[in-house]
> 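Have a look at this one before I ask anything.
So that the names make sense, note that chain A is the first sequence line, chain B the second, and so on, each numbered from 1.
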Amino acid sequence: MVLDVVWAVKWLTLCAQAMAEHRVELIELDRAIGDSDHGENMDRGFQAVLDKLAEAAPETPGAALKLTAMTLMSKVGGAAGPLYGTAFLRAAAALGDSAEIEPAAWAGALAAARDGIVARGKAEPGDKTMVDAWTPAAEAARAAAENGGPDVLTVLVAAAEAAEAGAVATDPLMARKGRASYLGERSIGHRDPGAASTALILRAAVGAAA
Amino acid sequence: MVLDVVWAVKWLTLCAQAMAEHRVELIELDRAIGDSDHGENMDRGFQAVLDKLAEAAPETPGAALKLTAMTLMSKVGGAAGPLYGTAFLRAAAALGDSAEIEPAAWAGALAAARDGIVARGKAEPGDKTMVDAWTPAAEAARAAAENGGPDVLTVLVAAAEAAEAGAVATDPLMARKGRASYLGERSIGHRDPGAASTALILRAAVGAAA
Amino acid sequence: MKKLINDPRSVVEESVQGFGLAHAGLVTVSTDPTFITRKEAPVNRKVGLVSGGGSGHEPLHAGFVGQGMLDAAVPGAVFTSPTPDQILPATLAVNSGAGVVHIVKNYTGDVLNFETAAELAEAEGVSVRTVLVNDDVAVEDSLYTAGRRGVGGTLLVEKIAGAAAERGDDLESVAGIGERVNANVGTMGVALSACTVPHAGSPSFDLGEDEIEIGIGIHGEPGRHRIPMENADGITERLLEPVLGDLKVQPGDKVLLFVNGMGGTPLSELYIVYRRAAQILADRGAVVERSLVGNYITALEMQGCSISVLRLDDELTELWDAPVHTAALRWGV
Amino acid sequence: MKKLINDPRSVVEESVQGFGLAHAGLVTVSTDPTFITRKEAPVNRKVGLVSGGGSGHEPLHAGFVGQGMLDAAVPGAVFTSPTPDQILPATLAVNSGAGVVHIVKNYTGDVLNFETAAELAEAEGVSVRTVLVNDDVAVEDSLYTAGRRGVGGTLLVEKIAGAAAERGDDLESVAGIGERVNANVGTMGVALSACTVPHAGSPSFDLGEDEIEIGIGIHGEPGRHRIPMENADGITERLLEPVLGDLKVQPGDKVLLFVNGMGGTPLSELYIVYRRAAQILADRGAVVERSLVGNYITALEMQGCSISVLRLDDELTELWDAPVHTAALRWGV
Ligand SMILES: Nc1ncnc2c1ncn2[C@@H]1O[C@H](COP(=O)(O)OP(=O)(O)O)[C@@H](O)[C@H]1O
Ligand SMILES: Nc1ncnc2c1ncn2[C@@H]1O[C@H](COP(=O)(O)OP(=O)(O)O)[C@@H](O)[C@H]1O
Ligand SMILES: [Mg+2]
Ligand SMILES: [Mg+2]
Ligand SMILES: [Mg+2]
Ligand SMILES: [Mg+2]
């Protein structure tokens, strides 16, 4: 298995599928501590990514991610649009125009994505945002790439699992950024929708490689 | 038992009591085929009558009814206000300034009240309005006064029972006057609120004499 | 049903007080009996315009008191027409000697109470002409009903007759203009949910999650019939077609299109209805010359809307465009 | 929850189309991407004003496009801030060369999307100044929140900055006026019921028959806390006191009092709230010089309201009074 543009397109396709499937669930998460739109926004955004991918055939994984970034930026709106847009843009930049992604490069792309989100949103780990999924994911990917050597699937899996655990770990947190922060203590006991969608995205990356 | 001003004041007091007690029931009847205000309107109106009676001490039954007419006219509003206002006004006029009401005079007052309602509202019997309670009541009072001789209670009871039967008999009718007429066939199967309040008023007249 | 009120029995009084405080430059609020007059009333030589009816339809009527529209509004209890002892002093207060027009929505209660007040006013030497508004095409005007109701068209009658009075028309002419508006307007409404009268406490009717009431009035009463829920375009067609049929709208006719919210429907949805209504009128070759979209004649927090179409002529258009300065409708000033 | 819509995904598009049809003389609607501009935009030498945000708050913002207020409004999906690819062309369309002010409600999404659009516009040579509105006193501005939200005060910023732009103020000055309004306005809201986002289909939160949410925003999110239902006077005190505390309103201060409906509350109830709010201000010795009551910044069909107080000075009052001609706010013209 190599992470080439075919994988990238499959990944994004699976992302779109996951958002459609989990649309209601993400809306419900956002309903509890936000404004009930996260699932709708992500679904709309990734459907638009599918349309774009059908029009333009990107030649590298980086190009696919850049196109995704631009599309999410212009179709998602809300907080998630610019944040995911930045994440994919930074990841694309990190990957450059290489045709295949090595494990270390993937870990680097995730770190760049995470840093982009932090740069734009100013959230810290523990603020109950998508950062709480991206941070452990980037960390786990780096560790797996360092230890696990060339097996890229291991790295993808490590990132996905860490993101999922990170999303679950937002449950007991009190939100300090984003719309959920208005709720103060009432945000405790609910999962952050953006962390949940991050976990879906990184799980789709595994699926595309399987 | 004589129907003098003491009786009249007691009657009106019992009317106020009945409207307060049956307020919700009359609202519910009006909710089904009208606009949910009949009980509220009648309750407000008769409470105002009580206030007026406390201020001015009318000297004859006719004066008490005239005061009631003016108060209902200015406090009830809606269709019921002018109609009951006219009814009490016509009844008061029929009674003149006699100190005691004979059975025949009472029957005459009811007939005058009924005619007043018809003159103002242009409803015919069977249109599913308060006319369907007043008409049999006036009729029964007349018959009882003619047959029963001097026992005034018999006349009051006859009128009350006829009004109650008349109100029940509005259930299967289709409304052709008032707000319920907008419902067309959907008004069938519900009791007319104004007929129901008429029955309460004429029942109170019995109570005041008992 | 929760409401932002203190006591069901003081709703009208307190609301009118608040209205008076918020629009102190525009209106005077009289209490005991309650009515609202234009600050400058009576306006020298001008025909006075009085309207009124049950409360719960705000901004109708108090919101339309002011320059170029009503001289007085007389609010009854919620959904209950006001009484002659309110209507009479309001009539006297706005009479400058040129007479007074009563604009009355056709409901038994409103008709009877205004009728009495008009008689009393005449007895005091005031000439009164009554314009009866009965634009609701859902109700057949027949022996078997109390006649068509006055609904959305009321605003149009009040605005246009108000402009005629403001330009100096005499009593007959103002009343005549009002009647011309009434003769050329048709309205039909829908409810997606019922409203709750404060003193009643429970919804005015029960409607399933997938049902709507077609041909409703503005008092929370059920409509002519109940149908399964449809989409906005379908509902719009259902409301507009009978109106156009009733008015016999022809290609080339110039019309005013008024989409009125019942109180609880978001403005965005009213514009979705407007969109389809405008398309239908365009398909028919009618020209929408003027439009109005918003919550103007409401039934408390009922969800739903009504569509009114008024056939315009040059004079009616000019009078519609004339300056108006009220709490709820204002332009040109 | 029934809605007068065709398809949850076309709500904004169709509603904006309807808005464009109803107000064709006033605005131009651009589609793909969607934004609404004042008919005469760009207005010669005038600073352009652009605002926007999620849909569902109508008439905000499109209803405030026109003379003396906004030059463009950019509607996102329901409760979702718009995207830079909408905000950028709207910004370019209203730039006469005098620069453009972005009026942005303080939400993460709005801030980020407008920020990107402003950067892109600057890259195309347009000077952009951003006025951030954060008047909601329910949210503490601290390390532990995303900062105070922009709510009812937004209308006041748009109106007054719009008047400054209309009289010819330059970019810095228009933005400065907007910031002055924001610094002098405080708002707090209550919900008696939740709203239902069309694509979500169920209410945004569940509230018992005897509970209310205090300190809500305008996106159907729950508030700061939930309390048992109270009467209108009690609720009014609860909303107004923190606002007056935050603004440190002193005896003799002149203020504008704005009671805003969340969409599903009858106007009559808003006046009951206004009444008590005016009494409290009078008790404090504050002078209510201007007032506004109505559904202007809504959360779909949510029941509830917000109270905003703006401390006025002579210039702000003059700018408030300046002519405005938009679909939802109009006077002096
Ligand atoms: N400052 C921030 N930094 C990182 N992530 C954030 C920030 N603010 C919000 N988010 C993320 O965005 C998600 C909400 O996205 P969405 O519902 O689409 O936007 P909105 O909050 O504008 O409605 C949150 O669950 C959170 O993960
Ligand atoms: N034309 C009429 N003639 C006689 N009675 C009528 C007429 N119209 C209405 N009513 C009576 O008035 C009652 C309704 O009174 P109410 O609810 O107080 O007034 P509204 O219909 O104005 O809300 C009806 O139940 C009916 O008995
Ligand atoms: Mg959200
Ligand atoms: Mg009734
Ligand atoms: Mg009534
Ligand atoms: Mg959102």
> State the OG-CD1 distance between Ser204(D) and Ile27(A), to the nearest 0.5 angstrom.
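Rounded to the nearest 0.5 Å, the OG-CD1 separation comes out at 12.5 Å.
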> With Tyr182(A), which of Arg148(D), Glu140(D), Arg149(D) fulfils side-chain contact (heavy atoms from CB on, under 4.5 Å)?
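In the set Arg148(D), Glu140(D), Arg149(D), the residue that makes a side-chain contact (heavy atoms from CB on, under 4.5 Å) with Tyr182(A) is Arg149(D).
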> Restricting to non-hydrogen atoms, name the atom on Met73(A) and the atom on Pro84(D) that form the minimum distance, rounded to 0.1 Å.
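In this case the closest contact between Met73(A) and Pro84(D) is O-CD, 3.5 Å.
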> Using a 4.5 Å cut-off on heavy atoms from C-beta on, say whether the side chain of Asp37(A) contacts that of Val197(D).
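No - every pair of side-chain heavy atoms lies 4.5 Å or more apart.
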> Given heavy-atom pairs under 4.5 angstrom as the criterion, report whether the side chain, backbone, both or neither of Val111(D) touches chain A.
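No part of it gets close to chain A.
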> Answer with side chain, backbone, both or neither: which region of Arg226(D) has an atom nearer than 4.5 Å to a non-hydrogen atom of chain A?
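Backbone plus side chain of Arg226(D), per the 4.5 Å heavy-atom cut-off to chain A.
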> Is a side-chain N or O of His199(D) found less than 3.5 angstrom from the main chain of Ser36(A), in a donor-acceptor match?
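Present.
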> Going through the distances and angles, do Thr80(D) and Glu40(A) end up as a side-chain contact (heavy atoms from CB on, under 4.5 Å)?
CA-CA 10 Å; Thr80(D) 301; Glu40(A) 182 72 14; over 6 Å; no
> Can you see which heavy atom on Thr145(D) is nearest to which on Lys177(A), and at what distance?
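Nearest heavy atoms, Thr145(D) then Lys177(A): O-NZ, 4.5 Å.
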> Ser74(A) and side-chain contact (heavy atoms from CB on, under 4.5 Å): which partner among Asn113(D), Asp85(D), Leu88(D)?
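The option that passes is Asp85(D).
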> Which atoms of Tyr144(D) come close to chain A, meaning under 4.5 Å heavy atom to heavy atom: side chain ones, backbone ones, both, or neither?
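For Tyr144(D), heavy atoms of backbone and side chain both lie under 4.5 Å from chain A.
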> Please answer whether the main-chain N or O of Ala146(D) pairs with a side-chain N or O of Arg179(A) as donor and acceptor at a distance below 3.5 Å.
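Judged by distance alone, no pair lies under 3.5 Å.
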> Checking heavy atoms, do the side chain of Ala32(A), its backbone, both or neither come under 4.5 Å from chain D?
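Ala32(A) touches chain D through backbone heavy atoms alone.
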> Considering all heavy atoms of both residues, which atom of Glu28(A) and which atom of Ser202(D) are nearest to each other, and what is their separation?
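For Glu28(A) and Ser202(D), the tightest heavy-atom pair comes out as OE2-OG, 3.8 Å.
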> Could you please spell out the steps behind the side-chain contact (heavy atoms from CB on, under 4.5 Å) verdict for Arg120(A) and Thr108(D)?
CA-CA 10 Å; Arg120(A) 294 237 48 188; Thr108(D) 308; over 6 Å; no
> Rounded to the nearest 0.5 Å, what separation is found between the CG atom of Asp30(A) and the NE2 atom of His219(D)?
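That separation rounds to 11.0 Å.
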